[in-house]
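For ligands, and for the atoms within them, numbers begin at 1 and follow the listed sequence.
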Amino acid sequence: MQRPNILLTGTPGVGKTTLGKELASRSGLKYINVGDLAREGELYDGYDEEYDCPILDEDRVVDELENQIREGGVIVDYHGCDFFPERWFHIVFVLRTDNSVLYKRLETRGYSEKKLQDNIQCEIFQVLYEEATASYKEEIVHQLPSNKPEDLEDNIDKILKWIEQWIKDHNS
Ligand code: DAT
């Protein structure tokens, strides 16, 4: 059976992991967190002193994921999207969160003031939405509000319906 590949992207803290895990458990698709994958496989290429974090080795991440993506039925979660091959994804969701809500979520994570401000700016300037529309066909890129629990439920319902329809359309 053919199954779709879905990309969940957006600023850190918008709710990609929460949505991705829940979607995976309800749809049977496989959830992959690229940050975790990189950490486990040490898929890094140097260290960013300014942002105080390791630099992702994008080529190795792509190599690592290629086989699973080819099989289909994967939900990929990452706060970046311009280095994945365009052909990988059948749909791209960019989660969006209001600044005040996002600020509180990131504060709870204990982010430094600089990291907090950088991420809030990233959301204000819709960096990930623009990256997504520049990297994928606009008609497959969708923004989803992700402020409150009802948003999460709505997003899950909508995406599950989309998955069901996609599977019907591609397996008949
Ligand atoms: P991300 O994976 O994008 O970094 P996350 O899934 O870890 O984000 O979520 C960050 C926090 O926000 C976490 O405490 C769960 C909470 N959260 C996620 N989606 C939410 C929603 N729709 N309503 C309320 N809280 C949400």
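Distance check on atom 14 (O) of ligand 1: every protein heavy atom falls at or beyond the 4.0 Å cut-off.
Contacts between Leu95 and ligand 1 below 4.0 angstrom, taking non-hydrogen atoms only, are absent altogether. When non-hydrogen atoms are compared, ligand 1 lies under 4.0 Å from the backbone of Lys16 as well as from its side chain.
Considering backbone and side-chain atoms together, Pro149 places an N or O closer than 3.5 Å to an N or O of ligand 1. An N or O contact shorter than 3.5 Å links Gly13 to ligand 1 by distance.
Considering only non-hydrogen protein atoms, atom 26 (C) of ligand 1 sits nearest to Arg105 NH2, 3.4 Å. Closest to atom 2 (O) of ligand 1 among all protein heavy atoms lies Thr17 OG1, 2.6 Å. The shortest contact between atom 22 (N) of ligand 1 and any protein heavy atom is with Lys148 O, 2.9 Å. Nearest protein heavy-atom neighbour of atom 8 (O) of ligand 1: Gly15 N, 3.0 Å. Ranking protein heavy atoms by distance to atom 6 (O) of ligand 1, first place goes to Thr18 OG1, 2.5 Å.
With contacts defined as side-chain heavy-atom distances shorter than 4.5 Å, the pair Leu8/Val94 does not qualify. A heavy-atom distance below 4.5 Å is found between the side chains of Val76 and Val34.
Between Asp118 and Lys114 there is a salt bridge, since at least one side-chain N of the basic residue sits less than 4.0 Å from a carboxylate O of the acidic one. A salt bridge does not link Arg105 to Glu123: none of the charged nitrogens lies less than 4.0 Å from a carboxylate oxygen. Using a cutoff of 4.0 Å between basic side-chain nitrogens and carboxylate oxygens, Glu153 and Arg26 are scored as salt-bridged. Note on Arg60 versus Asp63: no salt bridge recorded, every NZ/NE/NH1/NH2 to OD/OE distance being 4.0 Å or above.
Between Phe89 and Tyr136, the two ring planes are perpendicular [angle over 60°; tilted spans 30° to 60°]. Between His90 and His170, the ring-plane angle classifies as tilted under the 30° and 60° cut-offs.
Side chain of Asp36 to backbone of Asn33: no donor-acceptor contact under 3.5 angstrom is found.
Residue contacts with ligand 1 include Asn147, since one or more of its heavy atoms lies under 4.0 Å from the ligand. Remark: distances from the non-hydrogen atoms of Arg109 to ligand 1 include one below 4.0 Å.
With ligand atoms numbered from 1 in the order given, ligand 1 contributes 22 (N) to contacts under 4.0 Å with heavy atoms of Leu152.
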